[in-house]
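Report on one structure; see the data block that follows.
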Amino acid sequence: MQPLVEPIDALAPTELIRTARHAVLAGIGNEGQRRLAAARVAVIGAGGLGSPVILALAAAGVGEIVVIDDDVVDGSNLQRQVLHRLGDLDRPKVDSAVRAAADLSPTTRVIPRAERLDADNAVRLLEGAHLVVDGSDTFGTREAVAAGADALGIPVVWGAVQEFAGQATVFWSRPPAGVAPISLHDLYPTDSTGEPPTCEQVGVLGSLCLQIGGILATEAVKLITGAGDPLLGRVVVIDALRARQSEVPLLARASAVPA
């Protein structure tokens, strides 16, 4: 697949040093790093999945990260939400993102949006992003993200975790010519699920959040740079208790395929 983002002209000398291990990667290299520097990524949620995504994208040298989360840091978050520290308790989660990204990559700009994304504001909050990483934990938010991204024609890198299980995939309703469109509703048809139990009710393995979050960050980097094959039309499913990772094909529902 072609790269999603056009590269900037040149990297600062300090950024060349900081990202030197990307420069020798086949499929990324200097040009791919310049694409990352030009990218604007919206991250939904600065929690269990958003935390490793934000850290990884900042470390990778993504130029702008829009972090959308209206929550504050609670003591129970620290078991899995590695973006935050004890000193962040009772402060907005988006503030942690600003601090952590600055510590990792001085050329990365974090744009904090302390708002809850919904159907009414999704397009406004996502506008200008090259792609979205959805780490939200309710289907209401996930559907609003999907609808906003569909309206803008941008891909959604999507993940979910619960207890010891995790999933990751990529949705894109308007992909390049020759690529089949896939949406959230192909995986979870509207009104088919209800709301899943919360982490407070059933728990979640903290380290699994890092594992799924790492996959999401990798998919974002691949889409931006054009490296490898994205998880479009495929769902990675992880069973952490049994140390099993499998892949499930994901096809558009017949009713959703354009004539």
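Remember, predicted model here, so these are calculated numbers, not experimental data. Here, residue 1 is the first one in the sequence, and each next residue gets the next number.
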When hydrophobic residues are tied together by side-chain contacts of less than 4.5 Å, even through go-betweens, does [X] share a cluster with [Y]?
X	Y	answer
V24	L16	no
V72	I44	no
V5	L11	no
V156	L251	no
V41	L104	yes

Please check if the side chain of [X] supplies one atom and the backbone of [Y] the other of a donor-acceptor pair under 3.5 Å.
X	Y	answer
H130	P155	no
R113	V67	no
Q79	V204	yes

N-O pairing of R124 and E115 below 4.0 Å = yes
Of L223, I182, L250, the residue whose pairing with L232 passes side-chain contact (heavy atoms from CB on, under 4.5 Å) = I182
Closest approach of [X] and [Y], non-hydrogen atoms and distance?
X	Y	answer
I224	A39	CD1-CB, 3.7 Å
I154	A129	CG2-O, 3.6 Å
A144	L117	CB-CD2, 3.7 Å
C209	L49	O-CD2, 3.7 Å
R80	G206	CB-CA, 3.6 Å
D69	A46	OD2-N, 2.8 Å

Mind running salt bridge (Lys or Arg N to Asp or Glu O under 4.0 Å) on R40 and E127 for me, showing each step along the way?
-> CA-CA 10 Å; R40 180 183 173 104; E127 194 167 16; over 6 Å; no
Ignoring hydrogens and angles, write down the donor-acceptor pairs under 3.5 Å from the side chains of residues 51-60, residues two or more places apart or on other chains.
unit_1, atom_1, unit_2, atom_2, d
S51, OG, G47, O, 2.7
S51, OG, L83, N, 3.4

With a 4.5 Å limit on heavy-atom distance, are the side chains of P230 and M1 in contact?
-> yes
With the side chain counted from C-beta on, respond yes when D118 and T141 share a heavy-atom pair under 4.5 Å apart, and no when they do not.
-> no
When rounded to the nearest 0.5 angstrom, what distance separates [atom1] in [X] from [atom2] in [Y]?
X	Y	atom1	atom2	answer
S136	E143	OG	CD	10.5 Å
L216	D134	CG	CG	9.0 Å
K93	R91	NZ	CZ	14.0 Å
I8	R34	CD1	CZ	7.5 Å
I212	I238	CD1	CD1	3.5 Å
I65	T108	CD1	OG1	5.5 Å

Pairs under 3.5 angstrom only: tabulate donor-acceptor contacts from the side chains of residues 161-172 to other protein residues two or more places apart or in another chain.
unit_1, atom_1, unit_2, atom_2, d
Q162, NE2, P197, O, 3.2
Q167, OE1, Y188, OH, 3.0
Q167, NE2, Y188, OH, 3.3
T169, OG1, L231, O, 3.1
T169, OG1, R234, O, 2.6
W172, NE1, G153, O, 3.1
W172, NE1, R174, O, 3.2

Can R18 and S105 be said to form a side-chain contact (heavy atoms from CB on, under 4.5 Å), step by step?
-> CA-CA 8 Å; R18 202 186 65 80; S105 171; 3.4 Å; yes
Pair listing, side-chain hydrogen bond (donor to acceptor under 3.5 Å, both in side chains) test, anchored in residues 19-28, at least two apart = H22-Q33
Can you list every pair that meets side-chain hydrogen bond (donor to acceptor under 3.5 Å, both in side chains) and has a residue in residues 203-231, with sequence neighbours left out?
-> E219-K222
Which residues pass the side chain to side chain contact (heavy atoms under 4.5 Å, CB included) test with D103, sequence neighbours left out?
-> R99
With sequence neighbours excluded, what pairs up with D239 under the side chain to side chain contact (heavy atoms under 4.5 Å, CB included) test?
-> L241, R242, R244
Show the numbers, then the answer: is there a side-chain contact (heavy atoms from CB on, under 4.5 Å) between D90 and D74?
-> CA-CA 6 Å; D90 300 320; D74 179 80; 5.9 Å; no
Assess whether atom CD of E200 is packed by more than 12 heavy atoms of other residues, nucleotides or ligands within 6.0 Å.
-> no
Given V221 and V62, is the side-chain contact (heavy atoms from CB on, under 4.5 Å) satisfied, shown in steps?
-> CA-CA 9 Å; V221 168; V62 168; 5.6 Å; no
Hey, mind stepping through L78 and V73 against side-chain contact (heavy atoms from CB on, under 4.5 Å) and telling me if it holds?
-> CA-CA 8 Å; L78 302 183; V73 181; 4.2 Å; yes
